[in-house]
There are 2 protein chains.
Amino acid sequence: MKKRPTINDIAQQAGVSKRTVSRVINGATNVNAKTRENIQQIIREQGFSPDKKARGLAVRRSYLLGIIYDNPGTFYIDQVQEGVLQVITEKGYELIVHPCRYQDAGFVDNCTGFVHRSNVDGVIVLPPVSESAALADAFNRHGVNYVRMASVALDEPYRMVISDDRHAVADLALYLVAQGHKDIAVISGPNAYSSTTERLEGFCHALHTLGITLSANRIIEGDNTYQSGIACGRALLTQDPIPDAIFANNDDMAIGVIRAAHDLKINVPQSLSVVGFDDNLMAARMLPSLTTIRRPVRDMAASAAQKLIAQIENLPADNIATQLVKAQLIVRESTRKKSDFS
Amino acid sequence: MKKRPTINDIAQQAGVSKRTVSRVINGATNVNAKTRENIQQIIREQGFSPDKKARGLAVRRSYLLGIIYDNPGTFYIDQVQEGVLQVITEKGYELIVHPCRYQDAGFVDNCTGFVHRSNVDGVIVLPPVSESAALADAFNRHGVNYVRMASVALDEPYRMVISDDRHAVADLALYLVAQGHKDIAVISGPNAYSSTTERLEGFCHALHTLGITLSANRIIEGDNTYQSGIACGRALLTQDPIPDAIFANNDDMAIGVIRAAHDLKINVPQSLSVVGFDDNLMAARMLPSLTTIRRPVRDMAASAAQKLIAQIENLPADNIATQLVKAQLIVRESTRKKSDFS
DNA sequence: TTGTAGGCGTTATCAT
DNA sequence: ATGATAACGCCTACAA
């Protein structure tokens with residue numbers, strides 16, 4: 001790689017000390033307007049930009065941020081990356097990714113290890129890893145800056161960005177009932193996740209206020225995978241009678257349900273409505289396309305990045321209020337409309 | 001964040017100079033066995049690991065690698081990250097991601113800018129960005145280390161990892177014909193991509209040797225998006241007669257074709273076989289699941305990482321031979337089998 | 001408003 | 001085999 005100009009080169013060319021150049025770089029006010037102009041000009045000409053390693057060495061900062069996640073689906077991650085990058089690049093940070101298996105034994109050590117080795121200034125933790133209290137504890141002990149994305153307030157506001165799953169599933173309940181569905185089943189996620197609880201409870205509660213109560217055999221626990229969706233779907237669809245509608249805890253499982261229904265020669269949506277959660281890339285392209293709930297992942301990620309940088313730079317955290325963003329119901333082909341009922 | 005021990009702390013405790021500690025760290029031979037033992041012991045106790053910024057400053061290296069790509073929607077990227085990470089983390093490198101729009105005007109500058117700002121030691125470029133000669137030129141001019149992943153040899157062997165698309169599509173042609181398909185159409189990708197040429201030519205050539213020649217109206221150019229798949233599919237399926245089979249340049253388009261067929265009440269695979277390319281996450285989950293071609297993306301990414309590190313560290317590039325990995329035909333539900341013909 | 005000196009943690013040079 | 005000492009590029013006291 002070509003050698004880039006250093007602050008010394010600039011200083012020499014400008015005929016000033018590097019301290020002055022440093023001042024210009026960092027926007028200090030106490031620099032003669034003319035000298036500043038001149039220096040900025042030279043900086044532009046030379047295409048100079050301060051070396052992050054060196055600056056980091058001096059300032060004890062790496063200008064590196066990390067995102068930690070376990071497989072929430074590529075679609076999700078890409079959106080997160082986009083949202084994060086947009087915010088951080090203009091502030092001079094770079095993004096390092098750290099996938100991990102948060103079920104594994106050494107997972108907490110793995111993550112703290114990553115943070116130390118890579119020397120990131122802070123990390124954004126995505127669900128479902130974000131729900132790990134153990135990890136948050138470890139980070140706190142080690143004084144690591146972090147922001148968690150989740151669907152419940154698990155931590156102090158300045159470390160959380162929250163999506164209001166509960167509200168969204170209530171909308172969904174309302175919609176299903178309005179379309180004439182009565183016998184509704186749900187495939188929830190792993191009990192350990194608070195997102196699971198939020199969605200399940202939110203959904204059941206909303207149904208309850210609409211006069212519908214789910215019997216125990218209509219609620220079954222999946223593990224958020226496509227395979228699990230098939231299995232749980234089959235379990236539900238071999239009951240007699242079969243339910244009118246199935247709400248799965250995420251799109252992967254919902255698509256599994258559609259597959260299960262197909263294998264059992266059950267028509268979606270004519271004989272069965274299916275709803276997912278996430279609005280992942282597949283949702284719109286599936287046949288039938290999937291009715292689901294979309295979280296503004298990009299925006300959430302962007303606020304997470306902002307909060308993280310605020311921590312790192314000790315900024316006046318005016319946006320310290322818990323970020324609570326609304327999720328949105330997207331109606332597609334996998335749910336039967338009232339007008340379709342016979 | 002907690003302050004980590006430095007090389008000075010270790011040196012002091014060991015009662016030696018930091019130069020000696022440095023020697024131990026870097027595995028220099030000329031250190032007394034006993035001193036080495038002792039120092040290593042202390043290093044372990046203290047959980048010391050050298051600071052990358054500082055080392056990088058001294059050695060002019062950041063221990064950061066980048067991956068550059070467009071098309072964040074693909075499932076491709078996640079696999080690439082996995083493959084790359086596995087190789088690089090054990091060598092002490094970290095991974096930075098850089099999505100970009102390679103159709104945009106300033107795209108080359110954007111990428112070189114990224115390389116300089118982030119100070120990565122090298123980058124892996126994914127298709128289709130990897131096919132940009134302009135970018136490769138720029139990288140060469142700037143002396144940037146890079147490795148390109150593509151389906152043709154566009155560059156010197158030590159900068160390329162190649163998947164043998166041509167071979168794979170020949171297998172596909174063979175299979176389709178063997179299953180009794182005669183009137184075959186193809187939706188190719190943008191002409192500008194060499195992957196497009198590889199697949200189109202490879203496919204047509206293979207068909208030709210099997211005694212089948214495609215007429216011009218059976219070949220149409222898409223842009224590799226789902227939407228384009230729908231449009232091209234519709235175009236093909238409103239011809240009279242409609243083709244037996246459609247081979248789309250990638251899975252996204254193939255899934256668009258299935259949608260188009262569905263909208264036109266054409267049954268897949270009974271009346272139409274559809275084949276994609278990539279074996280993305282959707283392929284197996286689609287209804288019907290998609291017959292497609294799978295490249296060993298993870299492995300390709302891993303070799304790319306190895307080659308990149310070899311460049312950076314001036315390693316004896318024994319694995320300098322062009323990496324040519326085979327793609328593989330995956331038969332699923334979207335193609336009609338011979339036994340199904342009436 | 002500007003400059004000098006020293007330090008951040010590591011490796012490289014050259015002695016010893 | 002080991003150790004001073006000087007880089008590496010930048011920043012922050014402290015002076016002038």
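Every chain is numbered from 1 and lettered A, B, ... according to where its sequence line falls, protein lines coming before strand lines. The structure displayed is predicted, hence computed values, not measured ones.
Comparing B:Val16 and B:Ala58 by the nucleotide of DNA chain D that holds the closest heavy atom to each, the one mapping nearer the 5' end is B:Val16.
Here the P atom of nucleotide C:dG7 and the CD1 atom of B:Ile7 are 18 Å apart, to the nearest Å. In this structure, A:Leu57 places its CG atom 14 Å from C1' of C:dG6, rounding to the nearest Å. Atoms NZ (B:Lys18) and P (C:dG9) sit 9 Å apart, rounded to a whole Å. Distance, B:Asn26 CG to C:dA12 C1': 11 Å, rounded to whole Å.
Between atom NE2 of residue B:His142 and atom CG of residue B:Asp137 there is a gap of 10.5 Å, rounded to the nearest 0.5 Å.
The base of C:dT2 sits with one of its N or O atoms less than 3.5 Å from a complementary donor or acceptor on the side chain of A:Arg23.
A tilted orientation is assigned to the rings of A:Tyr102 and A:Tyr193, their planes being inclined by 30° to 60°.
The two residues B:Asp9 and B:Pro5 make their nearest non-hydrogen contact at OD2-CA, 3.3 Å. Shown here for A:Glu131 and A:Ser194, the closest heavy-atom pair between the two residues is OE1-N, 2.6 Å.
Reading DNA chain D from its 5' end, the first and the last nucleotide to sit under 4.0 Å from a heavy atom of chain A are D:dG9 to D:dA13.
Listed in residue order, the members of residues 29-55 of chain A having a heavy atom less than 4.0 Å from DNA chain C are A:Asn30, A:Val31, A:Asn32, A:Thr35.
Checked against side chain to side chain donor-acceptor pair (under 3.5 Å), B:Arg19 has no partners two or more places apart in sequence or in another chain.
The side chain of A:Thr20 contributes an N or O atom lying less than 4.0 Å from OP1 or OP2 of C:dG3.
Exactly one residue among B:Gln81, B:Gln79, B:Gln86 makes a side chain to side chain donor-acceptor pair (under 3.5 Å) with B:Arg298. That residue is B:Gln86.
Between the side chain of B:Asp121 and the main chain of B:Ser62, a donor-acceptor pair closer than 3.5 Å is present.
Taking a 6.0 Å sphere around CD of B:Glu37, one finds it holds 12 or fewer heavy atoms contributed by other residues, nucleotides or ligands.
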